[in-house]
Amino acid sequence: MKKPETISVEELERRRSRPGVVVVDLRSAGEYREMHIPGSIHVPYENLGQMSRYRDKSIILYCEHGITSMAAAVTLAERGYRVSSLKGGIQAYMAKREHTS
């Protein structure tokens with residue numbers, strides 16, 4: 001099976017406003033409340049089974065650093081989902097945002 005795609009923050013920005021794309025935060029509820037990518041939904045990693053409602057979407061996963069989201073992307077890709085993982089996770093997103101502010 002092909003490894004899921006890893007995308008950059010710039011690619012996330014290009015894709016996330018497209019119809020049929022859903023951005024998913026896999027971190028804990030507390031981490032999500034503290035900081036998340038605007039427009040993302042929260043589905044903790046341990047609740048990946050709840051992703052079935054997004055089976056027909058293009059899914060972009062992220063976590064803190066991109067490791068958990070890649071593991072989740074592999075699992076979902078094996079189940080037939082169209083999925084990618086944000087390289088560097090929310091840390092990369094926040095660093096890019098601070099850099100461009």
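Since the model is a prediction, treat every value here as computed from it, not as a measurement. All values below were derived from every heavy atom in this structure, side-chain atoms included, with hydrogens, water molecules and symmetry-related copies excluded.
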Would you confirm whether S17, through its side chain, and E13, through its main-chain N or O, come within 3.5 Å as a donor-acceptor pair? no

According to ring-ring contact (aromatic ring centres under 6.0 Å, His included), does anything in residues 37-72 pair up with another residue at least two apart or in another chain? List the pairs. Y32-H42

Identify the heavy atoms of R15 and V21 that sit nearest to each other, and give their distance. O-CG2, 3.5 Å

Set of side-chain contact (heavy atoms from CB on, under 4.5 Å) partners for D56, sequence neighbours left out: none

Residues in salt bridge (charged side-chain N to carboxylate O under 4.0 Å, His left out) contact with R55, at least two apart in sequence or another chain: none

Between CZ on residue R82 and CG on residue L76, distance to nearest 0.5 Å: 12.5 Å

Are I7 and I67 connected, step by step, through hydrophobic side chains (Ile, Leu, Val, Met, Phe, Trp, Tyr) whose heavy atoms are closer than 4.5 Å? no

Does the pair L61 and T68 meet the rule for a side-chain contact (heavy atoms from CB on, under 4.5 Å), with working shown? CA-CA 9 Å; L61 302 174; T68 301; over 6 Å; no

Side chain to side chain contact (heavy atoms under 4.5 Å, CB included) partner of I41, the single match among V22, D25, V23, I59: V22

Which atom pair, heavy atoms only, marks the closest approach of V43 to N47? CG1-O, 3.5 Å

For P19, which residues count as a side-chain contact (heavy atoms from CB on, under 4.5 Å) partner, sequence neighbours excluded? none

Distance-only criterion, 3.5 Å: show the donor-acceptor pairs between side-chain atoms of residues 83-91 and protein atoms not counting sequence neighbours.
from: S85; atom 1: OG; to: S69; atom 2: OG; distance (Å): 2.7
from: S85; atom 1: OG; to: M70; atom 2: N; distance (Å): 3.4
from: Q91; atom 1: NE2; to: E64; atom 2: OE2; distance (Å): 2.3

Please report the interatomic distance CZ(R97) to CD1(I37), rounded to the nearest 0.5 Å. 9.5 Å

Can you sort out the partners of E10 under side chain to side chain donor-acceptor pair (under 3.5 Å), two or more places apart, ordered by chain and number? S8, K96

Would you say the side-chain atoms of R79 pair up with the backbone N or O of S52, donor to acceptor, closer than 3.5 Å? no

Heavy-atom closest pair (G66 atom, C63 atom, distance to 0.1 Å) is N-SG, 3.1 Å

So, the side chain of R16 versus the backbone of P38: is there a donor-acceptor pair under 3.5 Å, distance only? yes

State which residues pass side chain to side chain donor-acceptor pair (under 3.5 Å) with S28; sequence neighbours excluded, sorted by chain then number. E31

Examine M35 and I60 and state if one hydrophobic cluster contains both, with Ile, Leu, Val, Met, Phe, Trp and Tyr joined whenever side-chain heavy atoms are less than 4.5 Å apart. yes

